[in-house]
Undergrad: 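Take this structure first; my questions come after.
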Amino acid sequence: MKRALQRISIGFYRKRQSIYSLSIIVIIAAVLFVALHYINNQSVLTFVSVVANWATAFAVFLAVLAHNRERQASALEFFTQGDSEFVYNAKLKVYHYYKEKKESSSYFAGKMDADELIAMTEEYRSAFGIVCNFYESWGILVEKRYLPIDLFENGAGFAAVRLFFLLSPYIKGRQDDNPYFAANYEKLAKRINKLGISYNGGEIW
């Protein structure tokens, strides 16, 4: 339902942008029509030149605005993927892994070592990768300012920081080989923390 409403909203913004552009074209045409019929020739040339310059500048502005709208629409559409069954099931596997390892001090010692990473089953390894990559993408969208950070002042923000807490030993272990692994996810979690949203362990359901 949320994704359907999001698509309707995106479609509305695109249609509204088209209406704005058409309205500007009609206004410019009307002004030129009046100028050609009621102003002397020399004044017409000057007036048309000024209008043409302003029209060109405004057309560039509309093009940039439309491009930004398109990028924001794409980003918001991607943002709704957090509700997809594929990502949801991967998150559940991370929670189950945490429940299994909750009594293990080694998992929360700071990071998983190479042996622990190798010992992970393919099912869990795949789920951890999916969730890290998903939030890494969100982190990139925020870093590039396609998504405002205040979108995370809700349950989505809490889920992101809670999962980062659960994934931290795995992420730190992976960063031994690749220091950039989930780096944008880490930045995202810190930014959400600054919004006053945090998770430091405890029951997850």
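Remember, it's a predicted structure, so these values are computed and weren't measured experimentally. Values below: all heavy atoms of this structure, side chains included; hydrogens, waters and symmetry mates excluded.
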Undergrad: For Arg191 and Glu143, work out which heavy atoms get closest and say how close.
TA: NH2-OE1, 3.0 Å

Undergrad: Give, for atom CG of Leu163 and atom CD1 of Ile171, the distance between the pair rounded to the nearest 0.5 Å.
TA: 9.5 Å

Undergrad: With the 4.5 Å side-chain cut-off for hydrophobic clustering, are Leu188 and Tyr180 part of the same group?
TA: no

Undergrad: Ignoring hydrogens, what is the shortest heavy-atom contact between Lys93 and Ala127? Give both atom names and the distance.
TA: CB-CB, 3.6 Å

Undergrad: So, Arg162 and Tyr95: side-chain donor and acceptor under 3.5 Å apart, yes or no?
TA: yes

Undergrad: Is it the case that the ring center of Tyr170 lies less than 6.0 angstrom away from the ring center of Tyr97?
TA: no

Undergrad: Could you pull out the closest heavy-atom pair between Ile192 and Gly157, with the gap in Å?
TA: CG2-O, 3.7 Å

Undergrad: Looking at Tyr185 versus Trp138, is the centre-to-centre ring distance below 6.0 Å?
TA: no

Undergrad: Is the distance between the ring centroids of Phe164 and Tyr135 under 6.0 Å?
TA: no

Undergrad: Show the nearest heavy-atom pair for residues Leu117 and Arg174, with the distance to one decimal.
TA: CD1-N, 4.1 Å

Undergrad: Output yes when Glu186 and Lys172 qualify as a salt bridge under the 4.0 Å nitrogen-oxygen rule, no when they do not.
TA: no

Undergrad: Between Asp115 and Ala119, is there a donor-acceptor pair closer than 3.5 Å when you use the side chain of the first and the backbone of the second?
TA: no

Undergrad: Looking only at heavy atoms, which two atoms of Phe181 and Gln175 are closest? And how far apart?
TA: O-NE2, 2.9 Å

Undergrad: Quick check on side-chain contact (heavy atoms from CB on, under 4.5 Å): which of Asn89, Val94, Val87 does Lys91 satisfy it with?
TA: Val87

